[in-house]
Amino acid sequence: MNQKTNPNKLMNILILSVLCLVPLCTVPVDGKLETMWPKLILLAFLSVFFLYVWLRNRDALHLVEPDRENIYLGAYVLLAGIATVLSISPYISFWGSSYRHDGFLALILYVFAYLMARNAKGIQRYFFQALTVTSVLVSIYAILQFYEMDPVPRNLYHMDWVGLAFSTMGNPNFLGSYLTLSLPVPLYLYFYKEKKAGLAAYMIIFLALLATRTRGAWIGSFIGLLSFLFYHRQAYGFQKHEIRRVLTVIIASFAVLGFFMLTSGDTFLTRFLSIFLDFSKIVRQEEGAEMGGSYRVYLWGKSIELIRMKPLIGHGLDTMYLAMNENFRPQIIYDFGRYMNWDKAHNEYLNIAVSSGIPSLIFYLAFLRRTLKKGYGKLKSHPAYVPLMASVTGYLVQALFNIQVVMVYYVFLAFIGLLSAKEAFKEEYQA
């Protein structure tokens, strides 16, 4: 490597590659588009290159700094490693199941995305533009799928999904998680940089989010957008011209929602109202309430039972489908008339406890709390922290209903890394 190469610029390029290239990565494997392994392979390549850059520039870069959030994260990873060794299937826990590929090896790659982002320095120039372009490309692909104008032949997909939006994420729920992280990003360009292209990008991403039909992502994104306003108010207050921009975003959102409702039949209203119907059944403890949320309430109950069986170390990463089959198969067949093969808890926090135990979950939550506290403390130092904090907040809410997956989780941890970095965003540049 050229001795004159600026390691900070290299790191910023690496981080942009993680956030802008990996989400687009999907390639044909055995005649089918694969969305998981290509992302893991590219992420692994970028992680190895990061190690190489760090080894050549240890005076300027840091692999792991001994601060509190890294200690919490290290404890979480250590317990996940122990859970992998003591798993009901150590092989699956290390490599990941054939369903998700979300084992210990994937966890290490997620952590590398976080460590790369921790080394960001003055990354704000073109950062939000690049992320917005990637999110818009993913969203346009999803919108074309939803309106059955998919440019990709149907026989290349693993699932015969017609009129559903899943894009390069391979599943509507996973796409919803990704778009929850993406939605506040273009608002930075519109709100702080007065770029109308940011508003247009927001509208495209919002339409794709609606097209996922994923209620958890809708809820998380709504909280994320409210968080954007809250974090801005806490850091900067609202000027008159900023209130006009907020109203413009609200009007644009309703315009997109109106377009979606006109062009998708009763798709939105049916899914939206079901949120309140399911919640009402649960609160009133009505018959069938345990089947609410697409059987999530039932699944959460079974997940808690699994946690009680192995509260300290869990059943092993990515092995929940084995534990469910071993412990609940007769009961599930009795309740549903057939076996329902759940491989995740559809709640990231419960899933961590099932996989690696309650202590592991405690360290993970402590890690999140510490990084959010650090990010909140940086809001006044640079407006870029407002959309990042909003994205992370929205993701943490939708994680109550969705699952950690290869296609999205590294993006979340990279955002967390940017919040933890010392100088990810420094001086404001002139657009």
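- Between Glu242 and Arg245 there is no salt bridge, since none of the side-chain N atoms of the basic residue sits less than 4.0 Å from a carboxylate O of the acidic one.
- At a cut-off of 3.5 Å, with distance as the only test, no side-chain donor of Thr180 or Gln398 sits close to an acceptor on the other residue.
- Exactly one of Phe415, Tyr409, Tyr410 qualifies for a ring-ring contact (aromatic ring centres under 6.0 Å, His included) with Tyr110. That residue is Tyr409.
- No cation-pi contact links Lys374 to Tyr376, judged by a cut-off of 6.0 Å to the six-membered ring centre and 45° from its axis.
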Derivation and outcome, side-chain contact (heavy atoms from CB on, under 4.5 Å), residues Leu187 and Val249:
CA-CA 9 Å; Leu187 290 181; Val249 171; 4.0 Å; yes

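- Under the 4.0 Å criterion applied to side-chain N and carboxylate O atoms, Arg118 and Asp67 are assigned as salt-bridge partners.
- Residues Tyr157 and Gln145 bring a donor and an acceptor atom of their side chains to less than 3.5 Å of each other.
- By the side chain to side chain contact (heavy atoms under 4.5 Å, CB included) test, Tyr99 is found to be paired with Ser97, Tyr321, Asn341, Asp343, residues two or more places apart in sequence or in another chain being considered.
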Applying side-chain contact (heavy atoms from CB on, under 4.5 Å), run through Leu207 and Ile204 and close with a yes or a no.
CA-CA 5 Å; Leu207 178 58; Ile204 292 171; 5.9 Å; no

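- More than 12 heavy atoms of other residues, nucleotides or ligands shown are found within 6.0 angstrom of NZ on Lys32.
- The aromatic rings of Phe50 and Phe112 stand perpendicular to each other, their planes meeting at an angle above 60°, with 30° marking the opposite boundary.
- Inter-residue side-chain proximity for Arg100 and Val406 is flagged as unmet; no heavy-atom pair is nearer than 4.5 Å.
- In terms of heavy-atom proximity, Ala120 sits nearest to Leu418 at CB-CD2, 3.6 Å.
- Sequence neighbours left out, not one pair with a member in residues 228-237 passes salt bridge (charged side-chain N to carboxylate O under 4.0 Å, His left out).
- Using modelled atom types, one finds a donor on one side chain and an acceptor on the other under 3.5 Å when comparing Tyr147 with Thr263.
- Here the options are Phe228, Tyr231, Tyr236, Tyr202, the test is ring-ring contact (aromatic ring centres under 6.0 Å, His included), and the partner is Phe191; only Phe228 passes.
- Side-chain atoms of Tyr192 and His382 form no donor-acceptor pair, as typed in the model, at a separation below 3.5 Å.
- To the nearest 0.5 Å, atoms OH (Tyr178) and CE (Met169) are separated by 5.0 Å.
- The minimum heavy-atom distance between Glu34 and Thr26, with the atom names listed, is O-OG1, 3.0 Å.
- Salt bridge annotation for Asp102-Lys344: present, with a cationic side-chain nitrogen under 4.0 angstrom from a carboxylate oxygen.
- No side-chain N or O of Ser93 forms a donor-acceptor pair with one of Thr84 less than 3.5 Å apart.
- Of all heavy-atom pairs between Met320 and Ser303, the closest is CE-OG, 3.3 Å.
- The nearest pair of heavy atoms linking Tyr141 to Ser167 is CD2-OG, 3.4 Å.
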Just do the side-chain contact (heavy atoms from CB on, under 4.5 Å) check on Leu43 and Val18 with the steps written out, would you?
CA-CA 7 Å; Leu43 192 56; Val18 168; 4.1 Å; yes

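- The pair Glu69-Arg369 does not meet the salt-bridge criterion, since no charged nitrogen lies less than 4.0 angstrom from a carboxylate oxygen.
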Under the criterion ring-ring contact (aromatic ring centres under 6.0 Å, His included), I'd like the reasoning laid out for Phe49 against Trp54: C-alpha separation, chi angles, the key distance, then a yes or no.
CA-CA 9 Å; Phe49 189 68; Trp54 169 71; over 10 Å; no

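- Between the side chains of Asn70 and Tyr114, a donor-acceptor pair is found at a separation under 3.5 Å.
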What verdict does the salt bridge (charged side-chain N to carboxylate O under 4.0 Å, His left out) test give for Glu305 and Lys302, after you've listed the backbone C-alpha separation in whole Å, the side-chain angles of each residue and the deciding distance to 0.1 Å?
CA-CA 5 Å; Glu305 290 185 50; Lys302 289 291 181 279; 3.7 Å; yes

For Leu225 and Leu183, what are the C-alpha separation, side-chain angles and deciding distance, and is it a side-chain contact (heavy atoms from CB on, under 4.5 Å)?
CA-CA 8 Å; Leu225 293 176; Leu183 195 62; 3.8 Å; yes

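- When Val138, Val133, Thr134, Thr132 are each tested for a side chain to side chain contact (heavy atoms under 4.5 Å, CB included) with Val136, only one passes: Thr132.
- Here the shortest heavy-atom pairing between His346 and Trp300 reads O-NE1, 3.2 Å.
- Across all their heavy atoms, His101 and Met36 have their closest contact at CD2-SD, 3.3 Å.
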